[in-house]
Amino acid sequence: MSAQTILTAGIEPATADATWHLDDYVGRGGYAALKKVLAEKMTPEAVINEVKKSSLRGRGGAGFPSGLKWSFMPKAYAGTKYLCCNSDEGEPGTFKDRDLLRYNPHQVIEGMAIAAYAMGTAVGYNYIHGEVWDLYARFERALDEARAAGLIGQNILGSGFNFELYAHHGYGAYICGEETALLESIEGKKGQPRYKPPFPASYGLYGKPTTINNTETFAAVPWIIMNGGEKYLELGKPNNGGTKLFSVSGHVVRPGVYEVPMGLPFPELLKMCGGMRGGRKLKACIPGGSSAPVLPAEIMMECTMDYDAIAKAGSMLGSGAVIVMDESVCMVRALERLSYFYFEESCGQCTPCREGTGWLYRVVHRIEHGLGRAEDLDLLNGVTDNIMGRTICALGDAASLPVRSFIKHFRSEFEYHIDNKKCLVPPEVQREGSKIHVRPSQC
């Protein structure tokens with residue numbers, strides 16, 4: 001079956017462009033890193049050490065050192081071990097991984113194959129977000145190409161190394177981005193997080209040792225192997241090696257995905273995006289996806305885009321989803337929308353999250369709609385205190401951190417809503433700021 005025939009109702013063929021195919025990737029030096037590993041008979045330890053030297057940190061949100069994570073996989077285990085790629089990407093504001101799968105799926109496949117070699121895993125799965133079926137179809141086609149070329153499967157390139165890789169179509173649930181909920185979903189069960197410990201490295205998919213990394217993390221591996229971990233580290237800054245993909249959305253002239261060195265000053269990233277749309281001033285920014293604490297303009301403009309600097313400023317780099325907000329944004333209204341998302345996406349397994357996220361949303365909703373009470377801000381902070389750290393997974397924290405940070409940095413705006421029963425930002429300004437401005441090149 002040709003790629004042109006991969007269709008589904010209402011979806012374009014998975015061949016809108018041709019540069020993602022195997023021949024194009026090989027022409028750009030693709031699979032050279034995998035061939036190097038196999039031809040030079042690099043030891044698994046040597047591969048892991050290069051990743052450690054690179055200071056590559058997990059690009060899905062947690063920022064855990066990837067090489068260290070790989071070293072947790074038991075070496076002496078005789079049974080099947082698994083490798084999983086987390087392409088669920090359900091965090092609002094995040095859209096980098098789908099571009100990797102759209103434009104460069106073979107780089108992800110190659111990175112996974114090298115990782116499988118390093119950890120002795122014979123089977124891998126790429127869990128792809130359920131609302132991007134066209135990318136699932138494209139990844140399946142890329143797998144067909146790699147399999148036909150002997151780059152995945154049995155006895156890869158005659159080396160004796162076996163690695164079979166499959167795509168798994170998710171079902172659109174945000175909670176399945178949590179690694180153990182992802183494993184439950186692949187097993188055919190309801191996507192709900194597991195208690196930890198045990199951790200996936202000892203008890204993961206089907207009860208076997210498993211390592212899970214993000215799409216962007218795997219995509220970085222071939223470059224590291226070809227150029228060395230130290231060279232990758234030099235692209236970024238200490239403890240924050242390499243480059244990072246940032247999904248920039250909101251009130252900027254050119255929203256999109258930008259690859260920049262780790263540690264780039266935020267004002268430079270903002271300049272790359274064409275600056276603020278309509279000449280308005282920056283009011284606030286969420287630097288790492290909707291679960292990251294919001295930062296006001298004066299703090300954000302002093303930040304560099306890396307894990308440590310953003311953490312020091314009081315937020316998280318997270319998935320690298322940079323949500324830019326100008327002065328037309330009502331912060332109460334913005335928080336209401338975020339709180340509704342986490343209320344809707346709670347899997348309901350833990351009482352603090354199941355009940356608490358609904359409580360947070362309802363209180364913020366009544367403040368936004370002119371029914372707020374003076375004690376509501378303390379109530380919101382109290383509810384977050386009783387959610388954070390009391391749930392199986394981090395969704396409870398993800399719902400709480402925006403609430404706490406919005407109140408912390410924009411308390412006067414919430415108080416204005418409560419006292420005056422209306423928004424501090426006039427409705428006409430909000431309407432103008434929410435208009436979609438299309439550049440001529442996009443028409």
Side-chain angles (χ1 to χ4, degrees), residues 55-64 89-97 99 174 177 214 216-217 236-237 239-277 280-327 329 331 334-335 337-339 341-342 388 394-395 397-410:
S55 193
L56 172 66
R57 296 172 64 168
R59 299 301 199 233
F64 191 83
E89 196 170 46
E91 182 91 351
T94 311
F95 44 89
K96 62 181 179 65
D97 293 338
D99 271 4
Y174 173 70
N214 169 257
E216 185 187 350
T217 309
K237 58 185 292 189
N239 201 41
N240 294 267
T243 60
K244 177 80 182 77
L245 294 176
F246 288 100
S247 313
V248 185
S249 63
H251 296 123
V252 293
V253 175
R254 292 189 296 273
V257 178
Y258 293 82
E259 182 176 15
V260 301
M262 290 286 276
L264 183 81
F266 173 74
E268 292 188 29
L269 177 61
L270 189 60
K271 185 178 180 180
M272 291 173 67
C273 301
M276 298 299 295
R277 196 177 70 191
R280 290 192 177 89
K281 294 180 180 178
L282 176 69
K283 181 175 184 176
C285 180
I286 302 176
S290 62
S291 61
V294 67
L295 294 175
E298 58 271 20
I299 295 179
M300 196 68 216
M301 291 299 284
E302 298 296 322
C303 285
T304 56
M305 301 305 291
D306 59 86
Y307 294 99
D308 299 334
I310 297 295
K312 186 177 180 180
S315 189
M316 303 181 296
L317 193 68
S319 62
V322 181
I323 304 171
V324 179
M325 294 177 275
D326 69 17
E327 54 201 339
V329 175
M331 301 308 284
L335 181 60
R337 188 65 191 86
L338 288 176
S339 296
F341 172 81
Y342 288 104
M388 293 181 67
L395 191 142
D397 287 15
S400 300
L401 289 170
V403 173
R404 296 171 71 92
S405 61
F406 270 74
I407 293 174
K408 175 183 176 181
H409 294 297
F410 299 97

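For the numbers below, each heavy atom of this structure counts, side chains included, while hydrogens, waters and symmetry mates do not.
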* Asked: Step by step, would you call Phe266 with Val322 a side chain to side chain contact (heavy atoms under 4.5 Å, CB included)?
  -> CA-CA 10 Å; Phe266 173 74; Val322 181; 4.0 Å; yes
* Structure fact -> Between the CG atom in Leu270 and the NE2 atom in His251, the distance rounded to the nearest 0.5 Å is 13.0 Å
* Approximate separation, where rounding is to 0.5 Å, of Leu264 CG and Cys303 SG -> 12.0 Å
* To do: Could you pull out all residues at least two apart from Ser315 that satisfy side-chain contact (heavy atoms from CB on, under 4.5 Å)?
  => Pro287, Ala292, Pro293, Leu295, Ile310
* First locate atom CE of Met272, then atom CZ of Phe246, and finally report the distance between them rounded to the nearest 0.5 Å. => 10.0 Å
* **Chi angles and distances behind the side chain to side chain contact (heavy atoms under 4.5 Å, CB included) call for Met305, Glu268** => CA-CA 10 Å; Met305 301 305 291; Glu268 292 188 29; over 6 Å; no
* So which heavy atom on Val294 is nearest to which on Ala284, and how close? -> CG2-CB, 3.8 Å
* **Point-to-point distance, once rounded to the nearest 0.5 Å, from OG of Ser319 to CG of Asp97** => 8.5 Å
* **By side-chain contact (heavy atoms from CB on, under 4.5 Å) - contacts of Pro261 (at least two apart)** => none
* Asked: Between Ser290 and Tyr342, what is the shortest heavy-atom contact and its length?
  -> OG-OH, 2.6 Å
* Worked check of side chain to side chain contact (heavy atoms under 4.5 Å, CB included) between Ser291 and Leu401 -> CA-CA 7 Å; Ser291 61; Leu401 289 170; 6.0 Å; no
* Asked: Glu259: what forms a side-chain contact (heavy atoms from CB on, under 4.5 Å) with it, not counting sequence neighbours?
  -> Thr243, Leu245
* Hey, could you give me the CD/NZ distance between Glu91 and Lys96, rounded to the nearest 0.5 Å? => 11.0 Å
* So does Glu216 pair up with Lys244, basic N to acidic O under 4.0 Å? -> yes
* To do: For residues Tyr174 and Ala398, report the shortest heavy-atom separation together with the two atoms involved.
  => OH-CB, 4.5 Å
* Nearest heavy atoms of Val329 and Ala334, plus distance in Å -> CG1-CB, 4.1 Å
* Structure fact -> Nearest heavy-atom approach of Gly263 to Thr304 is O-CB, 3.4 Å
* Could you tell me whether a side-chain N or O of Ser247 sits under 3.5 Å from a main-chain N or O of Ala321, the two making a donor and an acceptor? => no
* CZ-CE distance between Arg57 and Met262, expressed to the nearest 0.5 angstrom -> 7.0 Å
* To do: List the steps and the verdict of side chain to side chain contact (heavy atoms under 4.5 Å, CB included) for Leu335 and Phe410.
  => CA-CA 11 Å; Leu335 181 60; Phe410 299 97; over 6 Å; no
* Considering all heavy atoms, the nearest Met388-Ser400 contact -> CG-CB, 3.4 Å
